[in-house]
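Below: the structure, in structure tokens.
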Amino acid sequence: MVNYSMFFFIFLSCILVLVSGFSRNLPILAFDEGYSHLFGDNNLMILKDGKSVHISLDKRTGAGFVSQDLYFHGFFSASIKLPADYTAGVVVAFYMSNGDMFEKNHDEIDFEFLGNIRGKDWRIQTNIYGNGSTNVGREERYGLWFDPSEDFHQYSILWTENLIIFYVDNVPIREIKRTKAMGGDFPSKPMSLIATIWDGSNWATNGGKYKVNYKYAPYIAEFSDFILHGCAVDPIELSSKCDNTTPKTPTIPTDITLDQRRKMENFRKKQMQYSYCYDKTRYKVPPPECMIDPKEAERLRAFDPVTFGGSHHHHVKRHRRSRPKLKGDDDVSFM
């Protein structure tokens, strides 16, 4: 059995990430230095500078790319500009997965961007799976304090042995701590970074009420500022490429600072629209890792009294998605 914990501690001794504004101190890669074309033929276009890429969805296909390495823990980031105008049914994803290697017990850490009808905003969804635990959805969904189709914004994942943090423009929006109650549901095996754009008409916008309208195609998502700062793992041997010869440097943060926590709480207070922990139509008893915040519960109940109030008069809507088959602190207005 591979001792992934050993790789993690070696990795901690050789990574440079500062607790505040740490992503600004990490190297930005050209696309070809870290990623490869996954699917979509000509629907993936690398720009002349080599540091940016467009992936598009049309009636024929979507597109995607994947990291050249597997990673076991680290900090992973990209700046993304989403399609504008009518985007109902369109899903843009930036996520980690090992589903190609562990089909029955895979792990995932997801950012998913859900399109909308004209005049309605994009929504962002986060989720995790560990050890194939797809029967327990751990989704949260939020609005944003900006229009993600007007400019690039940074979306980041910090993954350690006991902690996952999702960031938007260096603001933490969600923190997941590994607990005994989660058992094997916390992601714990090496994963690739993947980005895709695809047709999620059956679920992405109002539970599938609004579909992709290819009259507005192509839908183009733009990616740049790639950061892949983690412990790379050999895909065959599943052995770490990290070593203990690199001079020791400050390690990645093991928690959220007080200032970051204030910002996260403000974001969640104003922008969170859904959390599985409070969904009484799905879980009569919240999953064991959930820490119920009465104020958060009340805000969500006011937002959606059916889902979060326990009414049984409506059909239960699951927020799961079916992925496409693949080949192979700046100006923050919510503060």
Side-chain angles (χ1 to χ4, degrees), residues 82 86-93 108 110-129 133-148 164-166 168 171-177 179 181-182 185 200-212 261-322 332-335:
L82 298 173
Y86 181 99
T87 56
V90 176
V91 180
V92 176
E108 270 191 39
D110 299 340
F111 266 120
E112 292 177 311
F113 306 92
L114 312 180
N116 219 325
I117 60 176
R118 184 180 286 118
K120 299 291 185 179
D121 297 328
W122 280 86
R123 293 161 302 152
I124 183 172
Q125 180 166 286
T126 61
N127 198 3
I128 69 162
Y129 298 121
S133 58
T134 56
N135 61 315
V136 181
R138 291 182 166 88
E139 303 95 334
E140 287 192 352
R141 193 161 54 248
Y142 330 87
L144 291 166
W145 66 96
F146 52 81
D147 183 346
I164 295 169
I165 303 176
F166 294 89
V168 176
V171 175
I173 66 167
R174 183 180 184 184
E175 172 189 39
I176 302 170
K177 293 184 177 181
T179 65
M182 293 182 73
D185 290 0
S201 290
N202 63 329
W203 71 277
T205 308
N206 283 46
K209 179 179 180 180
Y210 300 104
K211 316 291 185 182
V212 173
R261 189 164 298 282
R262 177 186 64 82
K263 292 176 181 178
M264 182 173 71
E265 290 173 352
N266 285 340
F267 171 84
R268 295 174 67 82
K269 179 180 178 180
K270 296 184 179 182
Q271 302 292 346
M272 189 164 72
Q273 301 173 1
Y274 176 87
S275 172
Y276 76 103
C277 284
Y278 302 95
D279 188 340
K280 295 187 177 182
T281 63
R282 292 175 69 183
Y283 303 113
K284 292 182 179 179
V285 177
E289 75 272 10
C290 290
M291 301 292 290
I292 300 301
D293 180 337
K295 291 183 179 179
E296 200 165 68
E298 183 57 36
R299 286 195 299 269
L300 287 172
R301 192 177 301 116
F303 181 78
D304 184 346
V306 173
T307 300
F308 304 112
S311 170
H312 299 287
H313 299 297
H314 292 257
H315 177 69
V316 176
K317 292 184 179 180
R318 296 296 303 270
H319 302 283
R320 291 281 307 284
R321 76 279 182 277
S322 176
V332 182
S333 61
F334 64 85
M335 299 304 179

Handout entry: N-O pairing of Arg282 and Glu139 below 4.0 Å
Key =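 Counted as a salt bridge, because a side-chain N and a carboxylate O are separated by less than 4.0 Å.
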
Minimum heavy-atom separation for [X] to [Y], with atom names?
X	Y	result
Pro148	Trp122	CG-CB, 3.8 Å
Tyr129	Asp110	CE1-OD2, 4.3 Å
Tyr274	Asp279	OH-OD2, 2.6 Å
Arg123	Gly115	NH2-O, 4.1 Å

Give, for atom [atom1] of [X] and atom [atom2] of [Y], the distance between the pair rounded to the nearest 0.5 Å.
X	Y	atom1	atom2	value
Leu300	Gln273	CG	CD	9.5 Å
Arg141	Met272	CZ	CE	11.0 Å
Ile173	Ile165	CD1	CD1	11.5 Å
Asp293	Arg299	CG	CZ	6.5 Å
Cys277	Tyr283	SG	OH	9.0 Å
Arg301	Thr307	CZ	OG1	12.0 Å

Problem - Set of side-chain contact (heavy atoms from CB on, under 4.5 Å) partners for Arg138, sequence neighbours left out - result: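 Residues passing side-chain contact (heavy atoms from CB on, under 4.5 Å) with Arg138: Asn127, Ile128, Ser133, Val136, Arg174, Met182, Asp185, Tyr276, Glu289.
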
Handout entry: Those residues that, when tested against Ala302, pass side-chain contact (heavy atoms from CB on, under 4.5 Å) (two or more places apart)
Key =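 Scan of Ala302 (side-chain contact (heavy atoms from CB on, under 4.5 Å), adjacent residues dropped) gives none.
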
Min side-chain heavy-atom separation [X]-[Y] under 4.5 Å:
X	Y	result
Val91	Trp203	yes
Ile124	Leu144	yes
Met264	Arg268	yes
Arg261	Glu175	yes
Phe146	Val168	yes

Results of ring pair (Phe, Tyr, Trp, His ring centres under 6.0 Å) for [X] - residues two or more places apart only:
X	value
Tyr86	Tyr216
Tyr278	none
Tyr142	Phe267

Handout entry: Pair Phe111 and Phe166, ring centroids less than 6.0 Å apart
Key =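 Between Phe166 and Phe111, which both carry aromatic rings, the centre distance is below 6.0 Å.
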
Handout entry: Donor-acceptor pair, side chain of Thr205 and main chain of Gly89, under 3.5 angstrom
Key =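 Yes: the side chain of Thr205 pairs with the backbone of Gly89.
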
Practice task
Check salt bridge (charged side-chain N to carboxylate O under 4.0 Å, His left out) between Arg118 and all other residues, then give those that pass, not counting sequence neighbours.
Solution key: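 Once residues adjacent in sequence are excluded, the partners of Arg118 under the salt bridge (charged side-chain N to carboxylate O under 4.0 Å, His left out) criterion are Asp85.
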
